[in-house]
> 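My structure is below; once you've seen it, I'll send some questions.
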Amino acid sequence: MKTYHSAELRTMFQKFFQDHGHAMISGASVIPENDPTVLFTTAGMHPLVPYLMGQKHPAGTRLTDVQKCIRTGDIEDVGDASHCTFFEMLGNWSLGDYFKQEMIPWSWEFLTSEKYLGLPKEKLAFSVFAGDEDCPRDEESAQLWRDCGALPDHIFFLPKENNWWGPAGLTGPCGPDTEMFIITDKEPCGPDCSPACSCGRYLEIWNDVFMQYNKQQDGTFVPLSQKNVDTGMGLERTICVLNGKKSVYETDLFERILAKIAELSGKTYGSDEETTKAFRIISDHMRTSTFIMGDDRGVSPANVDQGYVLRRLIRRAVRYGMAIGMPEGFTGEIAKVIIDQYQDVYPELKRNEGFVLEQLSLEEGRFAKTLRQGEKEFDKFYNNVKNTKALLESILAAEDSVALAQELAQTKKLRPSPDMMPIIEAAKAGDKDALAAAVNARMENLSVMDGRSAFKLYDTFGFPIEMTMELAAEKGLTVDEAAFAERFKQHQATSQAGSEQRFKGGLADHSAQTARLHTATHLLHAALRKVLGDEVAQKGSNITAERLRFDFSFGRKMTAEEIAEVEKLVNEAIQAAATVTCNEMTVAEAKEQGAIGLFESKYGEQVKVYTMGQFSKEICGGPHAVNTGDLKSFKIKKEESSSAGVRRIKAVIGTKAEDESETL
């Protein structure tokens, strides 16, 4: 098989689908707009959900793009051969247009034709849905693969866990998929070896999802009136598999980044396991961080939401950089390489380079402060250990140990904590032998830092557990790693539960209330620009059923008068009861008409522009209210800092806006 370069595959995929009647659309921001369900764009289909649900897309019913995606659920796993937090998803969609009969032959053509990937059919395997009590076996897809020329014994019927997509929440669009694999030279792991195995013989490169059912509240599946196709080919993984590499980090996508890390650290990638892991973590985390901050909706490191994930990524990169001797300020040097590498494909990175470098410099400085604070907290813990140990040693050395222990307990120098109670109880009972045993047991425990204290350093102060263990070793202590791991596991479970809560209503909640709140963000954006100036730009938003949250670029706290004026303007727009109109036009036409928005689409591409009377004109994808009067009223509940140079407003509409006592 030939060797492929990432740029070649990216272009080849787009050209293939354009030749098959697809409109090439721009990928969306990695920061979802007005979507309460996710922190980042996690898949190519994510920005297209309204159109998969039946809304008309301005570019038509056949679409293709390359989407920047971020998935951070497995941050701690990055460092192995395959995990990445950022990836590019090559995708194509049919919005109620073609279906299996067209998509599977096209997939076969792209995979096997010498004009495209030219893979031999003997090296390809396919999986299809096996069927269950909910939905039938997907014999149609299997037969289509056979008709194309796939070897019959290379087609596998697998259950829902392997060959079913969705719904993203409890209800919604879903359906069977068919997945495509390259068969490696590894021997089968057994007689039942299949793509369902994790033995490494079958490596997935593409996935065609056939959205043909709608899952109901009662758990039943009914056919969709609009059947869609959604395909996804991860660029990093596919390039790795096509070129026979053992790791995504061995592809051209990471070559320049790894070379820069080697130059700055003086270390060699692959020299040993720990160094290799550090190189991978730094390269992945810096790539993801650069794309988050370099986005036109880019965010800053913070303690909540996207900013919190960003902070974790940067600080984890810095920590591993310190471990291999990277110089202070190295994050900016790595970011420059990433921006230079990707700027032709994603020009927003170059546009926002100054912001990226500024934020990295600030965050490295904050992390240095955090490390100093963590060391200070560790010293407090260690000093307490020393003082307690000296106290216990004085009891053991005393001529009348029981009397001294009783005195120390009476004066509270022996604090009645759970770990001291056995000593206090033995002293009260006047049992010298029991007292000695209790003191010695406590002395032994003092040589181990408990999991609670170690986790407090990690969770409260952001102090890495590895550094806690190093400091403990220097003081002759060990850390109860098992107890720390248990607390960390509980912490992860809580975090994941919070993330899952975001998906409870499905991938996008298009209820009437959400549409009204979304409309309110347009009015708020326009009002802020009128009151504070045109330099105000949206930096992010989040909508729940109760309120909206809007982040915008502005360098200072708003005054009470400014907040009141913004509220007044929004309420005037609501009282005007303007019809919300939507028109499709090119980006150039939208600019000419004075629409605001992220002009990330290609010149000439069709976009939707929503107009609300004379008050607001903005490029957007929906959903929206029919009339501004539907919002009833608007109230700002809080104005605060979100991150450096970014302010945040929380607001409510309707009856909630009339409740002056409500706080958010």
Side-chain angles (χ1 to χ4, degrees), residues 32 35-38 42-57 60-63 91-107 126-145 155-180 196 206-232 500-515 518 543 545 621-624 626:
D35 190 334
T37 63
V38 289
T42 59
M45 55 77 65
H46 184 182
L48 294 170
V49 166
Y51 310 106
L52 293 168
M53 296 290 287
Q55 218 180 99
K56 181 187 173 186
H57 194 285
T61 58
R62 295 186 178 191
L63 312 173
N92 65 282
W93 292 269
S94 164
L95 305 176
D97 190 324
Y98 58 83
F99 206 50
K100 298 176 185 178
Q101 296 83 355
E102 293 83 7
M103 190 61 236
I104 287 178
W106 285 344
S107 298
F126 309 89
S127 63
V128 295
F129 179 51
D132 57 19
E133 64 277 6
D134 295 324
C135 301
R137 182 179 172 97
D138 192 5
E139 287 286 358
E140 182 183 9
S141 291
Q143 187 58 50
L144 285 167
W145 284 121
I155 299 172
F156 299 84
F157 286 90
L158 298 176
K160 264 204 181 88
E161 62 184 281
N162 302 103
N163 279 88
W164 188 273
W165 185 91
L170 299 177
T171 62
C174 55
D177 67 9
T178 182
E179 300 183 8
M180 292 145 266
W206 203 359
N207 184 4
D208 293 348
V209 176
F210 302 116
M211 295 184 191
Q212 61 189 101
Y213 296 102
N214 190 18
K215 187 178 180 183
Q216 307 294 295
Q217 288 280 1
D218 62 4
T220 59
F221 294 80
V222 298
L224 281 171
S225 57
Q226 174 182 303
K227 294 181 179 180
N228 305 306
V229 174
D230 163 23
T231 89
E500 288 165 9
Q501 187 66 23
R502 291 176 175 268
F503 288 91
K504 203 167 184 182
L507 190 58
D509 177 9
H510 289 173
S511 67
Q513 178 66 357
T514 299
H518 184 168
I543 291 172
H624 298 80
V626 175

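In what follows, residues are counted from 1 in the order of the sequence shown.
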> Would you please name every residue forming a salt bridge (charged side-chain N to carboxylate O under 4.0 Å, His left out) with E139, sequence neighbours left out?
R137

> Could you go step by step and tell me if C174 and M211 meet the side-chain contact (heavy atoms from CB on, under 4.5 Å) rule?
CA-CA 5 Å; C174 55; M211 295 184 191; over 6 Å; no

> Of all heavy-atom pairs between C135 and F129, which one has the smallest distance, and what is that distance?
O-CE2, 3.6 Å

> Got a sec, which residues hit side chain to side chain contact (heavy atoms under 4.5 Å, CB included) with P136, two or more places apart in sequence or on another chain?
Y213

> As a quick check of understanding, evaluate ring pair (Phe, Tyr, Trp, His ring centres under 6.0 Å) for Y98 and W106, giving each step before the final call.
CA-CA 11 Å; Y98 58 83; W106 285 344; 4.7 Å; yes

> Please determine whether side-chain contact (heavy atoms from CB on, under 4.5 Å) holds for the pair L144 and K100, giving the CA-CA distance in whole Å, both sets of side-chain angles, and the decisive distance to 0.1 Å.
CA-CA 8 Å; L144 285 167; K100 298 176 185 178; 3.9 Å; yes

> Listed by chain and number, what are the salt bridge (charged side-chain N to carboxylate O under 4.0 Å, His left out) partners of K56, not counting sequence neighbours?
none

> Are any non-hydrogen side-chain atoms of S94 and M103 less than 4.5 angstrom apart?
no

> Between CD of Q212 and CZ of F221, what distance do you get to the nearest 0.5 Å?
11.5 Å

> Going by side chain to side chain contact (heavy atoms under 4.5 Å, CB included), name the residues that satisfy it together with E179, two or more places apart in sequence or in a different chain.
S127, N163, D177, F181, E204, N207

> Could you check whether any side-chain N or O of Q226 sits under 3.5 Å from a backbone N or O of Y51, counting only pairs where one atom can act as donor and the other as acceptor?
yes

> Is a donor on one side and an acceptor on the other found under 3.5 Å between the side chain of E102 and the backbone of F99?
yes

> State which residues pass side chain to side chain donor-acceptor pair (under 3.5 Å) with T61; sequence neighbours excluded, sorted by chain then number.
D97

> Ignoring hydrogens, what is the shortest heavy-atom contact between S141 and V128? Give both atom names and the distance.
CB-CG1, 3.8 Å

> With sequence neighbours left out, write down each residue that passes side chain to side chain donor-acceptor pair (under 3.5 Å) with T231, or none if nothing qualifies.
N92, W206

> If you define the side chain from C-beta out and look only at heavy atoms, does anything of F156 sit under 4.5 Å from F126?
no

> Looking at residues at least two apart in the chain, or sitting in another chain, which of them share a salt bridge (charged side-chain N to carboxylate O under 4.0 Å, His left out) with D208?
none

> Going by the rule side chain to side chain contact (heavy atoms under 4.5 Å, CB included), which residues pair with T220 if we only count those two or more places apart in sequence or in a different chain?
Q216, D218

> Got a donor-acceptor contact below 3.5 angstrom from the N228 side chain to the L52 backbone?
yes

> Using the ring-ring contact (aromatic ring centres under 6.0 Å, His included) criterion, which residues pair with W93? Sequence neighbours excluded.
none

> Of all heavy-atom pairs between G60 and L95, which one has the smallest distance, and what is that distance?
O-CD1, 3.7 Å

> What is the minimum heavy-atom distance between P173 and N214, and which atoms define it?
N-OD1, 3.6 Å

> How close do A142 and I155 get, heavy atom to heavy atom, and via which atoms?
O-CD1, 3.7 Å

> Mind checking side chain to side chain donor-acceptor pair (under 3.5 Å) for K227 and listing every partner two or more places apart, or none if nothing turns up?
none

> So Q513 and I543, side-chain contact (heavy atoms from CB on, under 4.5 Å) or not? Walk me through it.
CA-CA 10 Å; Q513 178 66 357; I543 291 172; over 6 Å; no

> Under a 4.5 Å cut-off applied to non-hydrogen side-chain atoms, are P159 and W164 in contact?
no

> Which residues pass the side chain to side chain contact (heavy atoms under 4.5 Å, CB included) test with A43, not counting sequence neighbours?
M45, R71

> Is D134 salt-bridged to K160, going by a charged N under 4.0 Å from an acidic O?
yes

> With F157, which residues qualify under ring-ring contact (aromatic ring centres under 6.0 Å, His included), at least two apart?
none

